[in-house]
Student: 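One structure follows; several queries about it will come next.
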Amino acid sequence: MSEYLITFILGIVQGITEFLPISSDGHLEIAKYFLGDQSTGLDSLEMTVILHIATTLSICVVFREKILHIIKGIFTWNPETIKLVGLIIVSMIPAAIVGLFFEEYVSSFFNGNIGFVAIMIFINGVILYFGNRVNVLNHEITPMKSFAMGIAQMFAILPGISRSGTTISTAAFFNINRSEAAEFSFIMLLPLMFGKIAKDLLGGSFNHIQYSFGSMVLGFVTAFVLGIFAFQLLLKMVKNIKLHYFAYYCMIVGASLWIYSIMK
C-alpha cells in the first residue's frame with residue numbers, strides 16, 4: 001500500500017479520534033496493524049507524535065481566544081490566570097515525569113500488540129461508563145483535583161486509554177463540571193505537547209521516522225483539519241453528557257478486537 005495512502009488514513013484516524021474519548025493512540029495502533037505498517041517502538045511512536053502535533057495545533061485554533069487571554073493574564077499578573085497556570089503546572093507533573101524518565105519503556109507499548117490495545121480500549125469504555133453516570137455538583141478545580149486529572153492523563157500514555165475520556169471522567173468523580181473539565185483537560189495538554197515537541201526536535205528523535213516528508217505532510221494536514229471539527233464536536237457533546245455512547249463503542253471494539261487477537 002502507498003505510504004501516502006497510509007499516512008492519509010492515519011491522519012483521518014488521528015484527527016477524528018484525538019478529541020473523541022476513544023483513544024487516538026489505540027486507534028492508530030489498530031489502523032497501523034490492519035494497514036500492514038510494520039513500524040514498532042520509537043518508529044511507531046514518533047509517527048504518532050507528528051500526528052499529535054497536528055491535533056495540538058487544532059486545539060490552539062479552537063481555543064485561540066482562551067490562549068491569548070491566558071497569555072495576557074500572565075503578563076498582567078491577573079490573579080485568576082495565575083491560579084489557572086498553577087493548576088496546569090500541578091496537573092503536568094505525573095505525565096512529565098513519565099515522559100522524561102520512562103519514554104523508552106512507554107515506546108515498547110507501541111509495538112503492534114493489538115491484544116494489549118484491545119484490553120486498554122475496553123478498560124477505557126468502563127471508565128467512560130462510570131464517569132458518565134456521576135451526577136456532577138459543579139465543584140471548582142483545586143490543586144488536588146488537578147493533580148488527580150494529571151494522574152489520569154499519565155495513564156492515557158498507554159495506547160487504548162483516552163486522555164480526554166479519563167481526565168473528564170476523573171473530574172466528574174470529583175464533581176467538576178464536565179464542560180469545564182474538558183476545556184481544562186485540553187488546556188493542560190498544550191504545555192506537555194509543546195515540551196514533547198521541543199524535546200524530540202532537540203534530541204533528534206524524528207530521525208526514526210520511516211515515511212517521506214510529503215507523506216508526513218499529508219497525514220499532518222489531514223489530522224489538523226479533521227481535528228478542528230472533531231474537537232468542536234466533543235465540546236458540544238460533553239455539555240449534553242453523551243459520553244455513554246463512546247463507552248459502549250469502546251467496550252464492543254475492545255472485546256471484539258481481543259477475541260480476534262486470540263483467535264488469529
Student: Do Val221 and Ile50 sit in one hydrophobic cluster, given that two such residues count as connected whenever their side-chain heavy atoms are within less than 4.5 Å of each other, even indirectly?
Tutor: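 Yes; tracing contacts between hydrophobic side chains, which count when under 4.5 Å, links both residues.
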Student: Does a side-chain heavy-atom distance below 4.5 Å link His52 with Asp25?
Tutor: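 Sidechains of Asp25 and His52: in contact.
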Student: According to a hydrophobic-cluster definition based on side-chain heavy atoms being under 4.5 Å apart (Ile, Leu, Val, Met, Phe, Trp, Tyr only), do Phe75 and Leu68 belong together?
Tutor: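 No, Phe75 and Leu68 fall in different hydrophobic clusters.
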Student: Please check this pair: side chain of Arg163 against backbone of Ser185, looking for a donor-acceptor N/O pair closer than 3.5 Å.
Tutor: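 Confirmed, Arg163 side chain pairs with Ser185 backbone.
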Student: The criterion is side chain to side chain contact (heavy atoms under 4.5 Å, CB included); which residues satisfy it with Thr17, sequence neighbours excluded?
Tutor: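 Val13, Ile22, Ser24, His27.
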Student: Met144: what forms a side chain to side chain contact (heavy atoms under 4.5 Å, CB included) with it, not counting sequence neighbours?
Tutor: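 Residues passing side chain to side chain contact (heavy atoms under 4.5 Å, CB included) with Met144: Thr142, Phe174.
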Student: When you measure from the side chain of Ser261 to the backbone N and O of Trp258, does any donor-acceptor pair fall under 3.5 Å?
Tutor: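 Flag set: sc Ser261 to bb Trp258 pair under 3.5 Å.
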Student: Under a single-linkage definition using a 4.5 Å side-chain heavy-atom cutoff for Ile, Leu, Val, Met, Phe, Trp and Tyr, are Phe19 and Phe194 assigned to the same hydrophobic cluster?
Tutor: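 In one cluster with Phe19: Phe194, yes.
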Student: For Ile252, give me all partners under side chain to side chain contact (heavy atoms under 4.5 Å, CB included), at least two apart in sequence or on another chain.
Tutor: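 With sequence neighbours excluded, Ile252 shows a side chain to side chain contact (heavy atoms under 4.5 Å, CB included) to Ser256, given in chain and number order.
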Student: According to a hydrophobic-cluster definition based on side-chain heavy atoms being under 4.5 Å apart (Ile, Leu, Val, Met, Phe, Trp, Tyr only), do Leu235 and Leu233 belong together?
Tutor: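 Both belong to a single hydrophobic cluster.
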Student: Under a 4.5 Å cut-off applied to non-hydrogen side-chain atoms, are Leu57 and Phe220 in contact?
Tutor: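 The answer is yes; the side chains approach within 4.5 Å.
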Student: Side chains of Gln153 and Ser91: donor-acceptor distance under 3.5 Å anywhere?
Tutor: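 No.
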Student: So, are Lys83 and Glu80 salt-bridged, with charged N and O less than 4.0 Å apart?
Tutor: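 Not counted as a salt bridge, because no side-chain N and carboxylate O are separated by less than 4.0 Å.
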Student: Suppose we screen for side chain to side chain donor-acceptor pair (under 3.5 Å). Which residues come up paired with Asn135, at least two apart in sequence or across chains?
Tutor: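 Result, side chain to side chain donor-acceptor pair (under 3.5 Å) vs Asn135: none returned.
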Student: Considering all heavy atoms of both residues, which atom of Ile168 and which atom of Leu243 are nearest to each other, and what is their separation?
Tutor: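 Result for this residue pair: CG2-CD1, 4.1 Å.
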Student: Side-chain contact test, heavy atoms from C-beta onward, threshold under 4.5 Å: evaluate it for Phe246 versus Pro21 and give yes or no.
Tutor: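 Side-chain contact under 4.5 Å: yes.
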Student: Minimum heavy-atom separation for Tyr4 to Gly214, with atom names?
Tutor: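 Scanning both residues, the minimum pair turns out to be CE2-C, 3.5 Å.
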Student: Is Ile259 close to Met263 at the side-chain level, that is, under 4.5 Å between some pair of heavy atoms?
Tutor: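 A side-chain contact under 4.5 Å exists here.
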Student: With hydrophobic residues grouped by side-chain heavy-atom distances under 4.5 Å, do Val225 and Ile12 end up in a single group?
Tutor: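 They do share one cluster, since a chain of ILVMFWY contacts under 4.5 Å joins Val225 to Ile12.
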Student: Parallel, tilted or perpendicular, judged at 30° and 60°: which one describes the rings of Tyr260 and Phe34?
Tutor: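 Correct class here is tilted.
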Student: Judged by atom type as modelled, is there a donor-acceptor pair below 3.5 Å linking the side chain of Gln14 to the main-chain atoms of Thr55?
Tutor: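 A pair under 3.5 Å: no.
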Student: Counting C-beta onward and ignoring hydrogens, is there a side-chain heavy-atom pair between Leu234 and Phe186 closer than 4.5 Å?
Tutor: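 In short, these two side chains touch, coming nearer than 4.5 Å.
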Student: Quick check: does any side chain N or O of Asn124 sit under 3.5 Å from a backbone N or O of Ser162, one acting as donor and the other as acceptor?
Tutor: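 Answer holds: yes.
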Student: Looking at Leu218 and Thr222, what are the two nearest heavy atoms and their distance?
Tutor: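 Heavy-atom minimum between the residues: O-OG1, 2.7 Å.
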Student: Could you walk me through whether Thr167 and Met188 satisfy the side-chain contact (heavy atoms from CB on, under 4.5 Å) test, starting with their C-alpha distance in whole Å, then the side-chain angles of each, then the deciding distance to 0.1 Å, before giving a yes or no?
Tutor: CA-CA 10 Å; Thr167 52; Met188 78 186 202; 3.8 Å; yes
Student: Mind running side-chain contact (heavy atoms from CB on, under 4.5 Å) on Ser58 and Ile228 for me, showing each step along the way?
Tutor: CA-CA 5 Å; Ser58 298; Ile228 292 175; 3.9 Å; yes
Student: Decide yes or no for Leu128 and Tyr249: does some side-chain heavy atom of the first lie under 4.5 Å from some side-chain heavy atom of the second?
Tutor: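 Contact flag for Leu128/Tyr249 side chains = no.
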Student: Report yes or no: do His69 and Asn78 form a side-chain donor-acceptor pair below 3.5 Å?
Tutor: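 Looking only at side-chain atoms, Asn78 and His69 do not form any donor-acceptor pair under 3.5 Å.
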Student: In the structure I gave you, are the side-chain heavy atoms of Cys60 and Ile67 within less than 4.5 Å of one another anywhere?
Tutor: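 Of all side-chain heavy-atom pairs linking Ile67 with Cys60, at least one is under 4.5 Å.
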Student: When rounded to the nearest 0.5 angstrom, what distance separates CE in Met154 from CD1 in Ile161?
Tutor: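 These two atoms lie 11.5 Å from each other.
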Student: Mind checking who shares a hydrophobic cluster with Phe122, ILVMFWY linked at side-chain heavy-atom distances under 4.5 Å?
Tutor: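 Joined to Phe122, directly or through intermediates: Val126, Tyr129, Phe130, Val134, Phe173, Tyr248, Met251.
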Student: What residue among Leu257, Ile114, Asn113 forms side chain to side chain contact (heavy atoms under 4.5 Å, CB included) with Tyr33?
Tutor: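 Of Leu257, Ile114, Asn113, side chain to side chain contact (heavy atoms under 4.5 Å, CB included) with Tyr33 is met by Ile114 alone.
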Student: Tell me every residue that passes side chain to side chain contact (heavy atoms under 4.5 Å, CB included) with Pro191, counting only those two or more places apart in sequence or in another chain.
Tutor: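 Pro191 satisfies side chain to side chain contact (heavy atoms under 4.5 Å, CB included) with Ile88, Met92 only.
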Student: Which distance, rounded to the nearest 0.5 Å, do you find between the OG1 of Thr56 and the CZ of Phe224?
Tutor: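 Between Thr56 OG1 and Phe224 CZ, I get 11.0 Å after rounding to 0.5 Å.
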